[in-house]
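Below you'll find the structure, written out as C-alpha cells, and then a few comments.
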2 protein chains.
Amino acid sequence: MAGEQGTGRAFADIMRLAEQVEPGQPGWTRRVFSPEYRSSRALVAELMGGAGLTVTQDAAGNLIGKLPSDRPEAPALVLGSHTDTVLGGGRFDGMAGVAAAIEVARRLRERGQPLARPLWVVDFLGEEPNAFGISCVGSRAVAGALTREHLGLEGPDGRTLADALGEHGADPERIAEARWASGVVGSYLELHVEQGPRLERAGVGLGVVTAIAGIHRAEIRLVGRADHAGTTPMGQRRDALLAAAEVCLALEAIGSRDESGVATVGHLVLEPNSANVVPELVTLVAEYRSSDPNWLTESDRQLVEMISEAPSRRGVQGAMSWLSQEPPTACSADLMRLLTRAVGQLGEEPLALSSGAGHDAVQIASLCPVGMLFVPSRDGRSHCPEEWTEPDQVELGVRALEAAALELLSGGPNGEWA
Amino acid sequence: MAGEQGTGRAFADIMRLAEQVEPGQPGWTRRVFSPEYRSSRALVAELMGGAGLTVTQDAAGNLIGKLPSDRPEAPALVLGSHTDTVLGGGRFDGMAGVAAAIEVARRLRERGQPLARPLWVVDFLGEEPNAFGISCVGSRAVAGALTREHLGLEGPDGRTLADALGEHGADPERIAEARWASGVVGSYLELHVEQGPRLERAGVGLGVVTAIAGIHRAEIRLVGRADHAGTTPMGQRRDALLAAAEVCLALEAIGSRDESGVATVGHLVLEPNSANVVPELVTLVAEYRSSDPNWLTESDRQLVEMISEAPSRRGVQGAMSWLSQEPPTACSADLMRLLTRAVGQLGEEPLALSSGAGHDAVQIASLCPVGMLFVPSRDGRSHCPEEWTEPDQVELGVRALEAAALELLSGGPNGEWA
C-alpha cells in the first residue's frame, strides 16, 4: 500500500515543529507573531517544498503550498490547518493537520498521482486567540472577512494587528489580495485532534465532524464598592467578587442543563485585588458553545436574565457586552459521506461528532463546502502541555485524509466534485 | 478656650499632606517607599518643627518629634499614627492621627504648658501592607519585632525590605537601635478615622476603642485541570474557578454567622486566565477579623473543614497556608476611662467600639498601655478616594486628644500615670 511507505513521517514532522517553542514559556508555546513562530514557518515551508509543493506566503501571512493539475482552472482541493499555539499549549492542535496535509501531498507526488484539480496545502496564520483579541487571522483573510477594524485592533503594547502582520513579513496594506476569489477553491478538508474525550471513550480511531460549535462570548462587568475589609460590616458590603462567584455558578448551571453545550468562565480579573479591600470591580468573560442554534439562543436569554437580576441583590451593578455571537457551522453533508467512505476503506467505522472548538474551517465555510476529520486526544486533553495523539493514530488520520483527497482529486465518483 | 485658637489647623495640615500623591495612580495614593512618600515626610518634619518639636528620623525610618519635660527620665507619652496610604487610598487614614498629634503638641507649646513627662509625636513608617508583604514596618521596629526575616523579604522587583529602607534614608543595619527600651514610653494614644459606619449611624462624634481586631489570613490554592473550554464536557471538568466561587460564598457564610467578625476574599488570581481554557489554578487570600478570640478560633475550624471538603467534590485539590494569625489587642482599661473623661469634658458622650482595622497601636501594645480615639468616616468609607471626615469632626478629635494628653502630661489626677 502506498500509505505504508510514508508511515510515521507526519508524526516526525509534528515532533520537529515542537522543537521550536518560546523560551521560558510553559508547555509547547509558539504563539502567533513570536520569533519562534516565525522561524517555525520557515520549517513548514521547507517541509512543503520537500513534499513537492510550490510555496508562497500571501499578504495575510498564510503559507500556501500548491501541487499543480492538468486542469488548472478546476476548483482546488484545500487541505489545511495552523501551526500556532495558545500560551502553554501542546504539540498537536493545528500541527497534526498541517503535517497530515503535507504528508498527503508528499504521498500523492511520490506516486505520481495525476490530479483532476489543483491541491493546496495551507498553514493558516494565527488560528488561536491572540493578543489583539481575535482568532483565525489568516483564514478570515482568505474568506475576505479580515476587516480594517480588525487590522486596527491594538495589543497590550499599543501595536496594531497590522503592525504585527507587517513585522511578520505579511503585507497588511494589500490584505485584500489574500482573498480567495469565488470558484477558485472547491472543497476544504481539515484533519485536527479532537481536543475532547469522545473518540477515546468510544474506542474509535477517527471522527467525522458534523458541525462546529457556535461560540457566544460576553464580557461581564460587576461594579460593587471598595471598602475596608476590616471595618465594613458584612451586611453593608457591595462585594463584586461574591456577585461574580454567583455568576460563575449560575453560568455553570446554564451550561449543564443538558448535554447540548458547554459554558465556561475562563477569564476573571479583580480590582483592586488587595487582601484587605472589599472587591470593587470584577471583569469576567462568560463563554458558551453549542452546535445547536436553539441552545445558544436559550442560553443568551438565561444569561441576560441572570445578569440583570443576581448582582443587584448584592447592590452590585452588572453590565454585559457581547464579544462574539458566532453561529454554529454545519459541515458539508457530501464531504461527511466522502470522509465516512474514506474511513471505511481503512476498515474502520468513524464516530460522527460535533466540534466544541472553533477551527479555520469555520471561515472557509463561506467559500466552499468544508469537512473535518478528528483523531483522538489522550484523556481528552488539549490546550495544555499534556496534549497527545499516538503515532499510529496520526498515521490512521493521514491515511483517511489521503483516501478522501484521492477521491476528490480523481474528480469524484460521478464527477460531482468538479 | 485654648483649642479654639488652633481650630482648623490640623485639617489644613491633612489637606497639605494630600497634595503629595503618586502621579498616575488612583485616589490619593502615597505608598511607603514611593518618592512622594519620601518628600511628604519632609513636610511632616517641617510641621513637627513648626510645632516646636525636636525632630529625628530613627534607623527604621520613623519620624519622631519630641517636646522636652523637666522630668526627662519619666516615661514619655507617645501620640502617633502614619502617613502612608494604600493604592487608591484616601486622605485621612493615618494622616488625621499624625496631624492631630502635631496640633496637640503645637497647642501645648503655644500655651507654655509645663510637661510632667516628655511628649513624643511619631509618624510611623509604612503602616499599610506593602509590596514586601508586611505592614506596620516602623511600629514593629520600635517594638523590637522587625526581624532579620522581615528585612530579607523581597518585593516584586527583587529588592529586599532592607534595600528599600536603606534607599529611603533609614539604616537597616542598625535597626535594633530603633527599639524603644523598657520603661522609656509610658502611654500611647492614637487618633484615627473609624473606617466604618458606626459613629455616623449613631450620630456620635467620637469613639473610644475597646480592642483592635485580630486578623487571620490564609492563602488558599485550588488546583484543578486546564482543559479546552469548548471540547470538555461539563461533567468531566476540574474547574478551579468554580471551586473558588464556592469557597468565596462559604467564607461569606462563616463571616456572617453573627455580628462578631467579618470575612473577605479581597485577592484572587486565576491561571491561565484565558476565556477558552477551563481554569487550572486559583490562588486567593481569605481573611477574617474579630476582636473575639473565640470567634477567630471557630472561624479557623470552619475554614479548615471547608477547604478540606468543598473543592474535592469538583476534583479540585485545595491547600491552605496561614499568612498571619494575629490575636486581638485589648486597649488599656485605664486609657479607655481617661479618653472617655476627656470626651466628656467636651460635652460629648463617646461610643465604645472595637476596631476592625489593624493599627500601629497593636505593635506598641507590647511596650506600654495603648488607647485609641476614633473620629467618623463619611458613609463608613475608607481605603478609597472617597474617604472623608468633616473639619469640625477632626477638630473635635484634636480637642479630645488634647484633653487626654493634658491629663497624662500633668501627671494624672493621682499621679498614677507616672
Side-chain angles (χ1 to χ4, degrees), chain A residues 26 86-88 93 129 194-197 213 215 217 225-237 239 241-242 244-246 248-249 252 255-256 259 262-270 272-280 285 287 289 323 355-358 377 380-384, chain B residues 26 86-88 93 129 194-197 213 215 217 225-237 239 241-242 244-246 248-249 252 255-256 259 262-270 272-280 285 287 289 323 355-358 377 380-384:
Chain A
V86 295
L87 177 65
D93 174 358
E194 181 197 341
Q195 308 183 265
I215 305 180
R217 211 174 264 169
R225 203 176 64 178
D227 279 312
H228 194 293
T231 59
T232 312
M234 298 301 287
Q236 291 169 39
R237 297 176 172 210
D239 188 322
L241 179 59
L242 293 175
E246 290 173 339
C248 291
L249 294 168
E252 183 191 31
S256 303
E259 308 274 296
V262 291
T264 311
V265 176
H267 179 84
L268 183 148
V269 172
L270 193 59
N273 210 20
S274 294
N276 61 351
V277 184
V278 176
E280 175 159 40
V285 178
E287 169 191 296
R289 309 191 187 207
L323 299 174
S355 170
S377 296
R381 309 292 307 280
S382 181
H383 280 192
C384 61
Chain B
V86 294
L87 177 67
D93 173 358
E194 181 197 341
Q195 308 183 265
I215 306 179
R217 212 174 262 169
R225 203 177 64 178
D227 279 312
H228 193 293
T231 59
T232 312
M234 297 302 285
Q236 291 169 39
R237 297 176 173 211
D239 187 321
L241 180 59
L242 294 176
E246 291 173 338
C248 291
L249 294 168
E252 183 192 30
S256 304
E259 307 274 297
V262 292
T264 311
V265 176
H267 179 83
L268 183 148
V269 172
L270 193 59
N273 210 19
S274 294
N276 62 352
V277 183
V278 176
E280 174 160 41
V285 178
E287 168 190 296
R289 308 192 188 205
L323 299 175
S355 170
S377 295
R381 308 293 307 280
S382 181
H383 280 190
C384 61

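Please read all numbers here as calculations on a predicted model, not as lab measurements. Every chain is numbered from 1, with letters handed out A, B, ... down the list of sequences.
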The side chain to side chain contact (heavy atoms under 4.5 Å, CB included) partners of B:E252 (sequence neighbours excluded) come to A:M234, A:L242, A:R314, B:L249, B:S256
Proximal component of A:L270, with respect to chain B [non-hydrogen, under 4.5 Å]:
side chain
So which heavy atom on A:T264 is nearest to which on B:V277, and how close?
CG2-O, 4.4 Å
In terms of heavy-atom pairs under 4.5 Å with chain A, the winner among B:L323, B:V278, B:L268 is B:L268
Would you mind telling me which of A:G266, A:S355, A:G356 has the largest number of heavy-atom pairs within less than 4.5 Å of chain B?
A:G266
Under a 4.5 Å heavy-atom cut-off, does chain A meet the side chain of B:E287, its backbone, both or neither?
side chain
Top of B:A275, B:A244, B:G380, B:S377 for chain A proximity - count of heavy-atom pairs under 4.5 angstrom:
B:A275
Taking side-chain contact (heavy atoms from CB on, under 4.5 Å) as the criterion, tell me which of A:H383, A:E194, A:R381 meets it with B:H228.
A:H383
Quick one, B:V269 and A:N273 - any side-chain contact, counting heavy atoms below 4.5 Å?
yes
Go through A:R217, A:E259, A:R237 and name the one with the most non-hydrogen pairs under 4.5 angstrom from chain B.
A:R237
Option in A:E246, A:E280, A:R225 with maximal non-hydrogen atom pairs under 4.5 Å from chain B
A:R225
Kindly indicate whether the side chain of B:S274, heavy atoms from C-beta on, has any atom under 4.5 Å from the side chain of A:V86.
no
Name the region of B:C384, side chain, backbone, both or neither, that has any atom closer than 4.5 Å to a heavy atom of chain A.
side chain
Closest heavy-atom pair and its distance - A:V262, B:G230:
CG2-O, 4.0 Å
With a 4.5 angstrom heavy-atom cut-off, which part of B:Q236 approaches chain A: side chain, backbone, both or neither?
side chain
Looking at A:L241, A:D239, A:D93, A:I215, which makes the most heavy-atom pairs under 4.5 Å with chain B?
A:L241
Over all atoms of both residues, closest heavy-atom pair of A:A245 and B:C248
CB-CB, 4.4 Å
So which of A:V265, A:V285, A:N276 has the largest heavy-atom pair count under 4.5 angstrom toward chain B?
A:N276
Pairwise side-chain contact, B:L87 with A:P272, heavy-atom cut-off 4.5 Å (strictly under)
no
Select one option (side chain, backbone, both, neither) describing which atoms of A:A213 are under 4.5 Å from chain B's heavy atoms.
neither
Taking A:P26, A:A263, A:G88 one by one, which has the highest count of heavy-atom pairs under 4.5 Å against chain B?
A:A263
